[in-house]
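Every chain is numbered from 1 and lettered A, B, ... according to where its sequence line falls, protein lines coming before strand lines.
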Amino acid sequence: GAGVSQSPSNKVTEKGKDVELRCDPISGHTALYWYRQRLGQGLEFLIYFQGNSAPDKSGLPSDRFSAERTGESVSTLTIQRTQQEDSAVYLCASSLLAGAMGYGYTFGSGTRLTVV
Amino acid sequence: GQQLNQSPQSMFIQEGEDVSMNCTSSSIFNTWLWYKQDPGEGPVLLIALYKAGELTSNGRLTAQFGITRKDSFLNISASIPSDVGIYFCAGRSNAGGTSYGKLTFGQGTILTVHP
């Protein structure tokens with residue numbers, strides 16, 4: 001597609017429920033990134049994919065967080081047993097190739113997750 | 001891990017004034033990027049810097065990659081109301097390994113421009 005698409009744009013969930021956040025990267029972009037942005041804070045790295053594999057998942061906060069990518073396209077970030085501290089905007093970005101000079105990220109508009 | 005310190009945290013200026021913000025790092029980065037985020041949107045790339053000492057302009061924006069590779073600044077000249085938003089610096093290390101593709105972001109500078 002023309003840009004990075006994320007869905008849903010907003011999600012309100014009850015504490016303890018599981019949520020799935022979806023990211024559709026720009027067509028042809030092999031690298032995909034997930035970041036978390038708490039209110040008034042900077043962007044916190046979670047995980048990135050090169051193709052369908054995740055070379056760096058060091059930012060995932062706990063084992064309740066997982067992500068997968070299939071077909072070198074769509075990625076899903078899953079949060080199990082959500083907690084109130086999981087409330088944040090989850091941003092996805094893609095780029096032509098991870099780490100290559102000259103390839104900046106293009107971000108989606110994010111999913112605003114609120115755990116009540 | 002790598003951390004970026006961005007300052008100031010917020011700025012309130014009059015339309016027409018110039019703005020300067022900067023980022024410093026405890027470690028070396030090989031690429032510095034500056035992003036702007038509008039409310040409800042993802043960050044948008046403004047300027048990318050790839051070489052120590054590099055000075056790059058994009059319209060009213062000017063950014064520099066510090067000689068030590070541990071800092072960068074962004075200047076905005078003759079500010080206008082649509083410059084309002086949050087500005088983030090970001091750095092990337094070319095050290096290789098599994099972290100090669102990761103950007104580290106600063107905490108952001110909130111810019112308010114009064115007409």
Seminar exercise, completed: Counting heavy-atom pairs under 4.5 Å with chain B, the top scorer among A:Q6, A:Q37, A:K57 is A:Q37
For this session: Compare all side-chain heavy atoms of B:F73 with those of B:C23 and state whether any distance is below 4.5 angstrom.
Result: no
Problem set entry | A:L91 portion near chain B, given a 4.5 angstrom heavy-atom threshold | side chain
Problem set entry | Pick from B:G106, B:G42, B:P43 with the largest number of heavy-atom pairs that fall under 4.5 Å of chain A | B:P43
For this session: Please flag which part of B:Q37 lies under 4.5 Å from any non-hydrogen atom of chain A: side chain, backbone, both or neither.
Result: side chain
Exercise. Considering the options A:Y48, A:Y105, A:Y90, which one meets the side chain to side chain donor-acceptor pair (under 3.5 Å) requirement together with A:Y35?
Worked result: A:Y105
For this session: For residues B:W34 and B:L45, determine if any side-chain heavy atom of one lies less than 4.5 Å from a side-chain heavy atom of the other.
Result: no
For this session: Examine B:F105 together with B:Y35 and report whether their ring centres are nearer than 6.0 Å.
Result: yes
